[in-house]
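Side-chain atoms are counted along with the backbone in the values below, which use heavy atoms only and exclude waters and symmetry mates. Just so it is clear, the structure is predicted and the values come from calculations on it, not from any experiment. In what follows, every chain begins at residue 1, and chains take the letters A, B, ... in the order their sequences are listed.
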Amino acid sequence: MNLSILILLPLLTALAVLLARNNNQVRWISFAGATAQFILAFVLMYLFREERIAGSTQQMLFEQQYNWFPSWHISFHMGVDGISVAMILLTAFVVLAGVLVSWNVTKMTKEFYFLLILLSLGAYGFFISLDLFILFFFLEIAVIPKYLLIGIWGSGKKEYSANKLALMLMGGSALVLVGLLGVYFNTPARSFDLLLLSDTGISREAQMICFPLLFVGFGVFTALFPFHTWVPDGHSSAPTAGSMFLAGISMKLGGYGCLRVATLLMPEGAKAYSTWIIVLSSIAILYGAFATMMQKDLKYINAYSSVSHCGFVLLGIGMLTQTSMTGAVMQMVSHGLMTALFFAVIGMIYERTHTRQVSEMGGLLKVMPFISTVLFIVGLCSLGLPGLSGFVAEMTVFVGSWENPDPFRRVATIAACLSIVVTAVYILRAIGQTAMGPVKESYLHLTDARWNEKLAAIILIFGIVAIGTAPFWLSDLINPGTELIMQKIKMVP
Amino acid sequence: MNELLTIMKSEWVISLLIFLLLFIKLGKGMKNESLLLLIQVLLLLNFIGGFFFNTEGSLFAGMYHSTALIILQKNILSLGVYLISLLFADWFKRSEHLTEYFILMLSALLGMFFLISSGNLLMFFLALELATIPVAAMANFDLGKKISSEAAMKMILSSAFSSGILLFGISLVYGATGTINFAELPAQMNNGPLHILAFVFLFTAFAFKLSVVPFHLWTADVYEGAPMATTSFLSVLSKGAVAFIFISTLNKVFLPMQEIWYNMVMILSILTMIIGNLFALRQQNIKRFLAFSSIAQVGFILVGVSGKEPESTASVVFFILVYLFSNLAAFGVAGIISAMTGKENVNDYKGLYQTNPFLSWVLALALFSLAGIPPTAGFFGKLFLLTAGGTKASYLFITIAALNMIVSLYYYLRVIRAVFMDKNEEPVEKLVVNPSARLGLLICGAGILLTGILSWVYDYIQSLC
Amino acid sequence: MNGSTIIFYLLAALILGSGLLSVTTRQIFRAAIYLLFTLIGIAGLFFWMEYEFIAAVQIVVYVGGIVVLIIFSIFLTQQAGELLPRQKPTRQLFAALAAFCGLALTMLQVNQYTFSKTTLEATEPTVANIGRQMLDVNENGFALPFEVVSMLLLAAMIGCIVIALKSKPQTT
Amino acid sequence: MPNTTYIALIPLLPLAGFLLLGIFGRTYFKNTSGMIGTSLLLASTLLSLYTAYGYFFDYGKVNGVYQKLVPLQITWLEFSKGVSIDMGIILDPISVMMLVVVTFISLMVHIYSLAYLKGEERFPTYYAFLGLFTFSMLGLVISSNIFQIYIFWELVGVSSFLLIGYYYDRPSAVAACKKAFIVTRFADAGFLIGILILSYYSGTLDFNTLIQKLTNPESLELKAAVTASFLGISALTWGLVLVFIGGAGKSAMFPLHIWLPDAMEGPTPVSALIHAATMVVAGVFLVARLFPIFALSAPAALELVGYVGAISALIAAVIACTQTDIKRVLAYSTMSQIGYMMFALGVSKYGGEDGLGYTASMFHLFTHAMFKALLFLGAGAVIHYIHSNEMKDMGGLRKYLPITHITFLIACLAIAGVPPFAGFFSKEEILLAAYHHNTGIYYLALITSGLTAFYMFRLYFSIFWNKPAQVHGEHHGEGGFAMMMPLVLLALGAAAAGFIPFGHFVSSDGNRLNSAFHLNFSIAPVALGLAGIFFAMWLYKKQNDRPDKIAASLNGLYKAAYRKFYIDELYLFVTKKILFNLVGRPAAWFDKNVVDGLVNATGNTTEYISETIKGLQSGKVQQYAMYFLVGVIGLAVLFIYIWKF
Amino acid sequence: MMEPGLYHILFISATLFFIGVFGFFTRRNLITMLMSVELILNSVNLNFIAFNKYVWPNRLDGVFFTIFVIAIAAAEAATAIAIIINLYRSHHSIDVENAEEMKY
């Protein structure tokens with residue numbers, strides 16, 4: 001399969017959106033584009049599996065390389081392994097749902113969809129690039145759409161949040177940039193090519209410097225404590241689809257980067273700094289969970305819980321066992337779907353009740369059974385109910401983390417395990433106060449979800465349940481990728 | 001004699017244009033509109049012609065030399081002048097001294113051509129003056145406005161002072177080495193104290209023209225007071241030309257003093273980025289804002305300068321090209337708004353998007369490019385500068401540079417926010433953009449979008465270095 | 001101590017003394033006159049160094065041109081017989097300090113450096129030599145700078161005309 | 001072994017019901033959903049009976065020992081080599097027994113609910129949830145993998161949550177379902193860590209392998225698990241204790257029992273199914289599942305199980321004596337009875353006669369399911385009639401609810417251990433086991449057994465006697481066939497189940513265990529039980545002020561018991577005061593003010609500096625030149641004198 | 001006193017240079033500032049001639065430099081004066097302290 005289609009398709013969609021004549025056209029074009037991308041993602045997965053079953057053992061499949069800035073040894077190098085395929089699938093899900101959920105955005109519709117699709121373009125590009133330069137290119141491409149989405153279509157203190165988000169993410173990518181340059185100049189190859197770099201290796205001294213730069217840099221995207229403060233504000237101010245993309249896709253860029261770039265290229269660094277990663281991510285998990293408990297705004301609840309959940313991603317990476325890394329990737333996918341759904345639901349509720357304060361709602365189950373049911377599902381997924389994706393991912397991380405007998409890691413794992421209790425507390429509080437309880441008089445006339453919202457929710461729920469009930473397809477997809485990283489780590493003395 | 005014509009072709013063309021304009025002026029028969037159109041066409045022809053019939057070589061015993069890279073640099077500058085003639089059409093049309101303005105501008109351009117072709121210190125000095133004094137006059141072309149004269153005064157006095165410093169430095173170099181030829185100098189230079197002193201004098205003159213902190217203080221005032229066209233000429237072309245000669249001088253003439261200038265560049269680069277950013281943070285006037293932002297940009301250029309050849313030259317030239325598009329687009333939009341409404345404050349831009357989406361998008365693109373956001377060319381430009389700097393630099397230096405990008409993003413976003421997000425009861429009214437200005441903005445926009453992505457632009461530049 | 005030396009020191013005293021006065025006096029005409037003296041002193045020094053042509057140029061251009069220009073502009077801009085405003089003492093102090101530091105630094109470095117005269121054959125600074133080289137395009141020729149300067153003067157002239165001669169006084 | 005994959009259908013049929021009714025119920029099966037759910041479950045029940053028959057009488061026994069059969073196992077998620085979650089079915093005596101119990105009780109509840117919840121708006125949802133619960137519970141009991149059990153464990157928890165919160169618009173129900181979920185969740189975290197420990201040392205998650213590895217004294221895994229220690233306790237013990245915490249949470253053992261009484265907010269049939277007969281015994285089942293490891297490798301952990309069970313049994317019984325809400329009384333009684341089962345396991349040994357406790361525990365589980373479900377359903381009938389849970393609103397109902405009255409009485413006799421009802425047999429075995437192995441527990445159990453009889457008959461008399469009969473409006477009788485049939489069937493079970501020779505089928509090691517009947521031994525508990533009954537009769541048969549007087553004389557104790565020994569308050573204190581105020585609030589504050597504050601401070605500092613240095617740009621060209629010169633001198637000095645090359 | 005030579009002239013020129021600089025820093029009248037600039041440029045001329053005479057008589061670089069510097073000085077002075085006059089027109093003052101409308 002030609003991977004450039006993955007980039008070209010959103011690009012064309014975006015252009016088509018620009019050329020569209022009215023809002024309806026914009027919507028349908030975006031929807032068509034997102035659907036095509038969705039199908040494409042599945043096709044990609046199918047072809048990928050076929051290749052693997054056919055016995056292809058290459059690290060990356062469907063590799064393609066075009067020269068781009070040959071003087072810097074930059075090439076447009078694309079390729080996917082299971083991890084990327086998983087992330088691409090995630091992106092496709094979230095994008096499609098996001099497009100559907102935004103169906104009745106009336107303010108500057110064209111621009112809105114254009115930016116959404118641009119964002120997805122960034123994500124797709126990021127996940128398929130095998131050249132660090134391009135990776136970085138796509139990483140940054142997504143920052144401004146986020147800024148504008150929040151700033152223009154957001155709510156609350158949107159300018160502040162948008163600024164904070166853009167600046168912190170830029171800060172992260174600035175560190176990434178320095179790290180990348182460090183990598184670039186510390187290999188004999190003078191190359192940005194991921195595969196080449198991972199083959200040639202980087203000197204230990206350079207790893208000691210570049211690993212933290214890259215990890216923290218990418219970590220900012222994944223809400224690494226204490227660089228997570230853009231998350232609550234950014235997510236809560238963003239429009240629905242914006243939050244979905246932010247939490248569902250954008251935060252995953254960081255996790256993917258931590259794994260694919262930082263850890264794969266610099267196993268020694270990863271090993272040396274794993275203690276720090278674990279400390280920070282455990283703090284994020286627990287602290288995020290406790291902070292969530294005190295939130296009163298639904299979006300803040302989900303945003304802080306994202307901090308906590310993304311902590312699992314980093315924890316999984318930091319534990320440096322294959323299972324934990326697989327778990328980290330699964331957690332990325334799972335959290336992406338789940339949090340996107342959560343934000344979608346919050347958006348639906350907000351659109352109807354015009355409040356996001358938990359205390360002001362009640363009994364929504366009565367007036368909007370569909371939306372409330374989705375809220376239940378996503379809440380249960382968030383607290384790790386078996387059969388939904390969250391459980392699978394978290395358990396994989398736990399089991400993986402436990403594989404390392406070091407007492408310190410044990411303690412961290414136990415701390416992480418305990419967070420599931422706190423998660424239950426805040427999720428149930430949120431659900432209990434919104435969906436359950438006596439219904440408010442003024443809500444009685446409210447309506448349930450429309451077709452587009454239902455479709456969006458169903459798509460995401462499908463993803464969540466598919467992972468939750470049949471996780472093996474996902475883990476089979478991911479495992480070879482993490483295995484390779486593990487091999488690198490194991491070679492470190 | 002034929003050689004004299006071909007090698008110095010671009011200078012000849014510009015001189016011809018100057019004289020042509022002089023004749024037109026003396027003839028006194030044309031309306032501003034048609035005259036402007038004529039000038040635009042001529043400048044376009046000049047730009048296009050710049051790509052043909054080029055000969056490399058050196059003349060006047062090495063006093064003048066031309067290489068493919070220099071020709072490219074000249075073409076970039078020609079393009080800049082052409083764009084300026086397009087973008088500020090509104091202002092030009094109302095100007096009483098259109099011809100004179102262009103004569104001065106072309107003289108300055110001629111000075112820049114000589115500057116980047118110069119092969120000895122005398123030529124360098126003269127060309128520098130030729131590229132400066134007319135610009136000072138150009139700064140005063142808003143004749144009725146006090147700040148315009150103030151700006152011109154600040155510029156001419158400061159540059160006279162800096163010329164004095166430069167000349168003193170040149171005299172010391174001359175005294176110490178006995179030559180003023182670039183070709184002979186490297187053999188004579190060393191790290192002796194007097195050489196360092198002389199070099200510092202010379203270096204600061206460059207720094208002054210490039211507005212490197214702490215030699216930058218004239219910049220903002222002059223930018224603010226001068227007419228928009230002059231400001232953009234100053235900020236893009238003057239800076240570009242000086243940067244071109246700066247990097248080639250450092251790498252050719254002062255090669256023996258490499259460690260010294262490397263560290264000097266590094267220190268000043270950090271200072272420039274930080275100070276430029278800090279000042280840009282709190283500017284309200286869009287020109288002043290762009291002035292400080294361009295100071296910060298110079299800090300980045302210096303990062304590229306500090307690198308190893310040929311990457312450093314290539315990245316700097318590429319960045320100047322990108323910067324030309326971006327900054328001209330920004331100034332172009334600001335110029336259109338200023339010419340039509342007289343509004344120059346960032347706050348006046350609030351709600352611009354509702355009334356003028358085209359201008360807003362171009363402005364946004366330009367600012368993103370300046371901030372180094374993909375997929376604009378500015379991203380590539382900045383990245384290549386940093387990478388070029390990385391060939392030599394320490395992590396700390398690059399990290400500081402990268403972190404400064406955040407601060408700069410902050411203030412660029414401030415404008416973006418005003419344009420796209422802030423509500424305004426009385427936004428700038430819907431403007432009818434002059435077609436030529438529109439063309440100019442479109443060219444800039446296309447340049448911003450394409451220069452980076454089409455990698456052959458950079459590769460072409462790199463191949464010349 | 002011979003006559004040449006005495007003349008040198010006299011010239012030096014003239015140059016520096018009137019130079020200093022020219023930047024310190026509070027009467028602007030006097031400042032211009034002191035400047036004139038300095039310039040003449042420098043011309044004298046050129047004579048002393050046997051660079052007659054340069055001395056002549058100095059006198060023609062500077063004394064005949066620039067100083068006259070300056071005096072004219074003083075006429076144009078100066079209100080009747082006012083003393084020049086005094087600069088703030090702190091500024092004066094810092095300026096003096098900075099200038100002195102610069103001077104000290106420069107002299108220190110210059111004096112530490114041994115300028116050794118070249119052994120190559122000398123080219124006499126005669127008018128003939130200068131004139132020939134000025135228009136020569138080959139080795140040691142300065143035709144190109146000459147052209148550049150002429151362009152510069154042209155541009156400056158045009159600029160001056162536009163700015164100085166023709167403007168509607170608007171005080172906004 | 002014959003092909004037994006059809007067993008998978010047993011849990012899958014209810015699941016199908018859940019999906020069908022959950023997704024389409026509201027639109028398509030508004031009225032028929034009850035029948036759909038019931039018939040699916042009926043199929044399930046028949047299948048499990050068939051399975052039980054097949055297992056116990058056909059292929060289950062090899063050489064006189066009941067085998068652990070795994071007819072189906074698929075890898076669901078592989079973590080690493082050997083460590084994988086397998087979805088499978090394990091057939092052994094307890095799982096088969098549980099299959100029968102769960103499907104049977106669930107079927108009864110399904111039928112009962114047809115009438116009980118008739119006309120409810122969320123009728124389809126209710127049946128969907130019931131289906132989900134049954135699926136989860138069945139999945140739990142047939143789990144072949146410790147992680148699988150955890151998965152279904154959680155699912156059971158959530159279906160319990162959903163069912164308790166069925167009346168979602170009642171704040172008390174919402175609070176109750178949250179409480180139930182969170183408390184059990186807390187315990188589950190322990191379970192999870194326990195699983196992690198066990199799986200790490202054994203290198204597997206599969207029950208059979210796990211048990212094999214951790215009970216074989218020769219195996220390296222066991223040695224590693226025993227030698228590794230934390231706080232002086234071996235890793236294995238830790239693991240098992242943590243697993244037991246999970247079990248204790250679900251089984252409402254002290255001190256994790258606080259959710260159970262509140263869970264009575266759910267519809268009464270649900271209480272019967274989940275909080276009496278099936279789910280709450282999951283903890284017992286879990287311990288039984290891992291019993292070989294407990295008994296053979298970590299007796300200390302088993303001892304803990306015993307004490308926790310005994311204490312829970314006693315405390316619950318005491319509290320039950322004071323409660324006035326009939327469902328709460330039943331809830332505490334449930335807790336007390338589960339305590340019995342727990343300590344029965346705790347006092348048991350592995351294999352042979354010493355394994356009596358194990359058998360007794362399972363036996364009691366079995367009988368308890370019958371009579372407790374019956375009690376709840378009976379209580380449901382009463383509530384259905386009275387529309388109140390409070391004892392004071394009841395009295396003299398025996399005339400109006402004759403069938404309910406009789407069946408309730410049977411159940412009360414059964415639970416009080418009056419021969420020849422089912423409870424008698426199982427309880428005797430438990431007491432016997434305790435007597436042999438731990439006399440302390442035995443005496444606790446004995447007291448509890450007396451108390452049990454007392455509070456059950458207090459309940460019985462308060463409902464059916466006490467006050468003179470009152471007519472409660474124009475009433476609909478006892479609720480019809482759908483409600484009465486389960487009562488009768490269960491009453492039959494409660495009366496007769498004791499005669500099943502349970503030891504023949506279920507024992508700790510699969511061998512046949514002949515339970516001898518010791519008449520002498522039975523005298524004490526039966527006497528105590530009868531004493532309790534008569535005391536209750538004396539106090540409550542007629543309306544009088546004796547109970548109040550006694551309550552007053554026992555003021556402190558009574559009040560403490562009435563307030564459930566303030567355990568709820570303690571929890572409230574821990575969660576609200578400590579977790580929320582001392583952890584959550586500071587964390588949120590810290591985030592907002594310190595972490596975020598730092599971010600903002602960076603911005604503000606930058607702006608501040610920017611404001612401070614604006615004087616550099618003074619607008620005075622002379623000053624600019626001065627800075628210029630200073631820059632020149634500075635650079636020159638720096639590079640000539642300081643930074644030399 | 002010593003025989004006057006290169007270093008003497010260099011001293012004179014350097015001193016003159018910094019006198020000019022001092023004047024540039026302290027004079028408030030724009031025309032006097034311009035005069036200071038002339039001093040600076042002249043001092044440089046002295047340098048060039050002195051170097052040409054005492055160190056590098058082989059070529060006339062210094063001489064030519066001086067000539068061109070004089071020319072430039074003229075152009076610069078002319079432009080500056082034009083600007084100053086213009087400023088005076090709009091401003092009625094050529095005090096540099098009054099020309100600081102743009103700052104910060």
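Looking at L108(C), neither its backbone nor its side chain comes within 4.5 Å of chain B, counting heavy atoms on both sides. Neither the backbone nor the side chain of S116(C) has a heavy atom closer than 4.5 Å to any heavy atom of chain B. Neither the backbone nor the side chain of A152(B) comes within contact range of chain C, judged by heavy atoms closer than 4.5 Å. Residue contact with chain C, scored on non-hydrogen atoms closer than 4.5 Å, is absent for L106(B). Contact of L197(B) with chain C is made through the side chain alone, with heavy-atom distances under 4.5 Å. For I196(B), no part lies under 4.5 angstrom from a heavy atom of chain C. Looking at F114(B), the atoms closer than 4.5 Å to chain C (heavy atoms on both sides) all sit in the side chain, from C-beta outward.
The ring of W91(B) has its center no closer than 6.0 angstrom to the ring center of F141(B). F46(C) has its ring centre no less than 6.0 Å from the ring centre of Y51(C).
Looking at T179(B) and E184(B), their side chains do bring a donor and an acceptor atom within 3.5 Å of each other. S163(B) and E129(B) share a donor-acceptor pair across their side chains, judged by distance under 3.5 Å alone.
Note on K145(B) versus E150(B): no salt bridge recorded, every NZ/NE/NH1/NH2 to OD/OE distance being 4.0 Å or above.
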